[in-house]
Amino acid sequence: MNNELHLGHFTGCILPGDVYSRFLKLKGEDAIYVCGTDEYGTPTEVAAQKEGVTPQELTDKYYAKQNEVLKKFNVQFDIYSRTTTLDHTKQVHEFYNAWKHNNFIYRKEIEQLYCKHCDRFLPDRYVEGICPLCGAEGARGDQCDTCGKPLDPTDLKNPYCITCKNTPELRKTEHVFFELSKLEEQVLEWVENHEGLFQNSKNFALGFIKQGLNDKDMSRDLKWGVPIPDAPGQVFYVWFDAPIGYVTFTKQLGKLNWWQDKNTRLVHFIGKDNIPFHTIYFPAMLIARGDDYILPYKVASYEYLTFKGSKLSKSKGHMITLREAAELFPVDYWRYFIISSLPERADTDFTWEGFQERINNELNNDVGNLVQRALSLAKKYVNSTVPKPVTLTDNDKIVLKQIETSAQQVAELIYDIKLKEALQEVAKLARIGNQYIQIEEPWKNQERQKEIIFVSLNVVKALSILLEPFIPETAKKIQDYLNLKPQMYDNIADHLEPGHELNKEFEPLIKKIEDKDLPIKNEGQQQQGVKEKPGDANAKVKSAAVSTEVGKAAVAAVEYDDFAKLKFKVGTIKSAERIEGADKLFKLTVDVGEQNPRTLAAGIAEFYKPEELVGKQVIVLANLKPRTIRGIESQGMLLASETEDGKRVKFVTVHEEMPPGSKIR
RNA sequence: AGCGGGGUGGGGCAGCCAGGAGUGCCCGUCGGGCUCAUAACCCGAAGGUCAGUAGUUCAAAUCUACUCCCCGCUACCA
């Protein structure tokens with residue numbers, strides 16, 4: 001909760017949950033979709049400190065932004081609340097008292113680092129020092145980044161306070177512990193026998209439990225957090241309050257009793273980093289709470305959508321924010337794309353090409369086009385009125401029957417949270433519709449026009465219902481064209497009334513994404529006005545190195561200093577060979593006047609033969625951050641020129657031989 | 001380094017947990033058709049030793065062991 005929402009958040013938890021809950025409601029189920037912001041925790045506090053505002057001010061700001069953008073994406077929460085409310089504090093205290101009552105809480109005196117200068121304890125990330133294991137400097141109190149080992153603040157050698165840099169001292173303090181170890185068996189049994197966990201959740205949780213569940217220190221000597229009632233000056237470790245937010249928010253909706261109702265099916269949608277909290281800690285907290293609190297029915301955990309190939313990503317880890325995404329394309333495009341490429345099994349890399357392909361070929365050509373076809377046929381031949389079929393042929397009946405079959409399959413898949421597959425099933429119905437029109441040829445087959453158009457329109461109507469959970473705006477648009485009121489899922493097989501008038505005004509549902517619409521081509525504009533941090537220039541050029549798109553990227557005006565950061569050198573190609581399994585790449589060794597020749601991966605294999613290259617002089621960007629491409633480390637980038645259509649590529653050279661290593665300026 | 005995941009026709013995926021002819025989906029390629037529709041749509045074809053090795057089995061993409069590649073997390077974060 002110290003950042004804007006980005007496509008990763010949307011993919012991992014928000015959108016799948018929205019599709020699922022929209023579907024349930026459309027199906028007439030008693031469903032609520034509960035979500036909120038988790039606002040405590042040291043990261044928020046540290047971020048606020050950096051921005052020079054209070055944590056509350058920071059979270060207020062982001063809460064408002066998130067709320068706004070979620071509405072834009074038509075996320076239909078029943079409540080989007082926050083953990084910094086009094087309701088939540090009360091709810092956490094209620095849990096705490098129950099844990100105490102059920103003997104899951106004990107106190108223990110431990111030693112913690114204390115900064116006299118700042119007059120505070122230094123938990124987790126408030127302290128840095130030298131890692132006792134690998135000796136690296138700047139290891140944080142919770143973990144060393146260099147060797148990756150988790151640490152306790154007290155493990156650090158030469159610790160210092162990150163705020164004032166003074167050396168802290170050890171001070172005794174009494175902390176509250178949650179006796180997780182007592183629940184190991186119960187949690188293990190639940191994980192092992194629970195069918196509702198996604199495979200990745202289950203594997204991870206089992207591995208986690210195998211290492212043994214230790215009691216957890218719930219106390220933090222901080223102010224920002226839910227105060228522990230009987231431990232003045234201490235707050236709950238954020239993961240002990242955040243999941244209780246689900247309970248708080250449900251209570252705010254007046255449905256607290258759902259948590260103790262055996263018929264409630266609690267389904268979590270999370271990203272994979274949240275797996276231990278939703279499969280181990282939270283279930284343990286619920287068991288310890290007692291009073292028949294229910295455990296999750298399903299935990300849908302998603303892998304990551306990664307952005308390494310995207311030119312929008314300014315640095316590693318930077319995502320496209322939802323706000324940016326909505327400015328670029330209609331939100332339904334994003335909703336469609338993300339569900340159709342949900343990272344269920346493995347991380348999935350986002351590419352603009354993939355996005356464009358999916359939207360153009362599937363959403364546009366199959367779905368959009370079918371709607372357009374059917375409506376146009378109706379307008380042209382039956383004056384935009386649902387015709388009365390006289391005699392239905394077997395094929396007509398098969399297609400009408402298919403609507404029911406599809407609806408049933410889609411429903412089963414969504415109940416089972418196989419959203420990607422469900423959406424494919426919807427797209428399949430659109431294809432069947434296209435196929436049907438093609439085979440029946442209503443433009444030729446005049447005596448059967450009424451029946452064919454009748455069937456086609458019913459397919460379109462069915463699509464509008466099936467699509468609603470996924471792309472609600474588009475679904476609504478189709479229903480407007482059909483002049484229909486919002487439908488329920490179970491009405492899907494009801495045929496349109498003959499004589500029902502359709503809307504004569506309609507336009508293509510979806511517009512194709514042209515190459516020029518993609519931000520790759522607008523890179524210059526995109527980045528204007530964005531202050532890049534020093535060193536970022538490397539990152540920007542890097543993406544061009546693999547895609548041979550040097551010629552395509554529009555060039556924004558740069559400062560001379562930025563240009564001066566780039567070190568170009570003349571190099572002589574010593575050897576060139578194809579890289580196995582890569583059509584476009586050569587592995588080159590190039591002498592750039594250094595002790596050893598450099599290894600480069602160059603995307604010019606479609607345009608040269610290896611033997612043509614040996615001995616040639618090329619221009620190399622020598623201070624590009626090395627990058628591993630197809631298993632070889634590319635230590636620079638070869639400059640080349642490319643025609644607009646990408647059909648011709650020629651490397652850049654000097655017109656007379658220069659000594660290898662000569663500078664370019 | 002630790003933890004997790006992946007390697008399936010040219011590209012992207014599903015299938016693997018509950019083994020049964022390489023089955024499926026999207027794109028691309030090639031050939032054909034249609035002209036109602038957004039140069040869209042429909043039909044057909046080519047293309048894979050399911051990363052490798054060894055095992056279990058009547059039977060392995062699927063189970064086991066090992067090996068090789070790749071990726072993510074271990075900053076914020078789903």
Side-chain angles (χ1 to χ4, degrees), chain A residues 1-17 41 43-44 46-47 50 125 133-134 138 140 142-150 195 199-200 202-204 207-208 211 269-276 301-306 308 316-319 340-349 351 353-354 356-358 360-362 364-366 368-381 418 420-421 424-425 427-428 430-431 433-445 449 452-453 456 507-512 580-581 583 628-631:
Chain A
M1 181 44 179
N2 44 32
N3 241 317
E4 282 188 63
L5 290 171
H6 53 63
L7 285 177
H9 299 115
F10 199 54
T11 307
C13 59
I14 301 168
L15 180 60
T44 304
V46 173
K50 263 190 209 158
R125 291 178 193 170
L133 300 160
C134 70
R140 282 173 296 110
D142 52 355
Q143 187 156 43
C144 168
D145 280 342
T146 311
C147 68
K149 288 280 191 304
E195 305 241 316
Q199 196 63 43
N200 55 357
K202 197 160 193 159
N203 291 343
F204 191 92
F208 199 93
Q211 294 170 21
F269 291 86
I270 57 170
K272 65 175 169 183
D273 58 331
N274 259 299
I275 291 173
S301 41
Y302 295 95
E303 303 283 318
Y304 285 140
L305 194 62
T306 58
K308 62 178 162 28
K316 194 186 165 214
H318 176 90
M319 293 274 176
S340 71
S341 42
L342 266 187
E344 284 168 346
R345 190 179 178 76
D347 293 343
T348 302
D349 194 38
T351 64
E353 292 77 12
Q356 181 184 26
E357 192 178 273
R358 198 52 96 162
N360 287 355
N361 291 321
E362 231 176 77
N364 181 67
N365 292 354
D366 291 342
N369 183 49
L370 175 67
V371 172
Q372 186 74 9
R373 282 179 102 171
L375 291 169
S376 301
L377 285 169
K379 188 171 181 178
K380 195 159 184 171
Y381 297 115
K418 293 180 176 161
K420 184 159 51 166
E421 238 178 288
Q424 277 312 307
E425 205 55 46
K428 192 171 146 195
R431 262 173 241 122
N434 275 318
Q435 199 176 9
Y436 169 78
I437 294 177
Q438 186 64 39
I439 291 170
E440 298 292 341
E441 303 188 312
W443 50 92
K444 279 187 192 162
N445 199 348
Q449 261 169 6
I452 300 165
I453 292 172
S456 306
E507 57 182 28
L509 267 192
I510 311 292
K511 288 191 189 91
K512 274 200 173 193
E580 193 118 358
D583 300 339
T628 303
I629 300 164
R630 287 279 180 173

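Lettering follows sequence order; numbering is per chain, from 1. It should be emphasised that the depicted structure is a prediction, and the values quoted were computed from it without experimental measurement. These values consider heavy atoms only, across backbone and side chains, with no hydrogens, waters or symmetry-generated copies.
Here, B/U62 and B/G7 have their P atoms 11 Å apart, quoted to the whole Å. Comparing the same atom, P, in B/G9 and in B/G24 gives a spacing of 15 Å after rounding to whole Å. Taking atom P in both B/G6 and B/A18, one finds a spacing of 15 Å when rounded to whole Å. The separation of B/C68 from B/G10, taken at their P atoms, amounts to 25 Å, rounded to a whole angstrom. Using P as the reference atom, B/C66 and B/G47 are 37 Å apart when rounded to the nearest Å. Remark: the separation of the P atoms in B/A65 and B/C70 is 23 Å, to the nearest Å. For B/C17 and B/C73, the C1' atoms lie 24 Å apart once the distance is rounded to whole Å. Using P as the reference atom, B/U38 and B/C63 are 49 Å apart when rounded to the nearest Å.
As rounded to whole Å, 12 Å separates atom P of B/G72 from atom OH of A/Tyr304. Computed from coordinates, the A/Lys272 NZ to B/C3 P distance equals 15 Å when rounded to whole Å. Atom CG of A/Asp347 and atom P of B/G5 are 11 Å apart (whole Å).
Pairing analysis of RNA chain B (Watson-Crick: purine N1 to pyrimidine N3 plus N6-O4 or O6-N4; G-U wobble: N1-O2 and O6-N3; both under 3.5 Å) yields stems of 3 or more pairs at B:1-7 with B:68-74, B:10-14 with B:23-27, B:29-33 with B:41-45, B:51-55 with B:63-67.
Side-chain atoms of A/Arg431 and A/Glu362, non-hydrogen and from C-beta on, do get closer than 4.5 Å to each other. Using a 4.5 Å heavy-atom threshold, the side chains of A/Ser301 and A/Asn274 count as separate.
Partners of A/Lys272 by salt bridge (Lys or Arg N to Asp or Glu O under 4.0 Å), not counting sequence neighbours, listed by chain and number: A/Glu303, A/Asp347. Residues passing the side-chain contact (heavy atoms from CB on, under 4.5 Å) test with A/Thr348, sequence neighbours excluded: A/Leu305, A/Pro343.
An OP1 or OP2 oxygen of B/U35 is reached within less than 4.0 angstrom by a side-chain nitrogen or oxygen of A/Lys444.
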Give me the distances for all protein-to-nucleotides 14-19 of chain B N/O pairs that come in under 3.5 Å?
unit_1 : atom_1 : unit_2   : atom_2 : d
B/C16  : N3     : A/Arg345 : NH2    : 3.2
B/C16  : N4     : A/Arg345 : NE     : 3.0
B/C16  : N4     : A/Arg345 : NH2    : 3.1
B/C17  : O2     : A/Gln199 : OE1    : 2.7

Look for any protein N or O under 3.5 Å of an N or O in nucleotides 40-42 of chain B and output each such pair with its distance, or none.
unit_1 : atom_1 : unit_2   : atom_2 : d
B/A40  : OP1    : A/Lys512 : NZ     : 2.6
B/A40  : O5'    : A/Lys512 : NZ     : 3.3
B/A40  : O2'    : A/Asn369 : OD1    : 3.3
B/A40  : O2'    : A/Asn369 : ND2    : 2.8
B/C41  : OP1    : A/Asn365 : ND2    : 3.4
B/C41  : O2'    : A/Arg373 : NH1    : 2.7
B/C41  : O2     : A/Gln438 : OE1    : 3.1

Sequence neighbours left out, cut at 3.5 Å: what donor-acceptor pairs do the side chains of residues 372-381 of chain A make with other protein atoms?
unit_1   : atom_1 : unit_2   : atom_2 : d
A/Arg373 : NH1    : A/Asn434 : OD1    : 2.9
A/Ser376 : OG     : A/Gln372 : O      : 2.6
A/Lys379 : NZ     : A/Lys504 : O      : 3.1

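In this model, no donor atom of one side chain and acceptor atom of the other lie less than 3.5 Å apart for A/Gln199 and A/Glu344.
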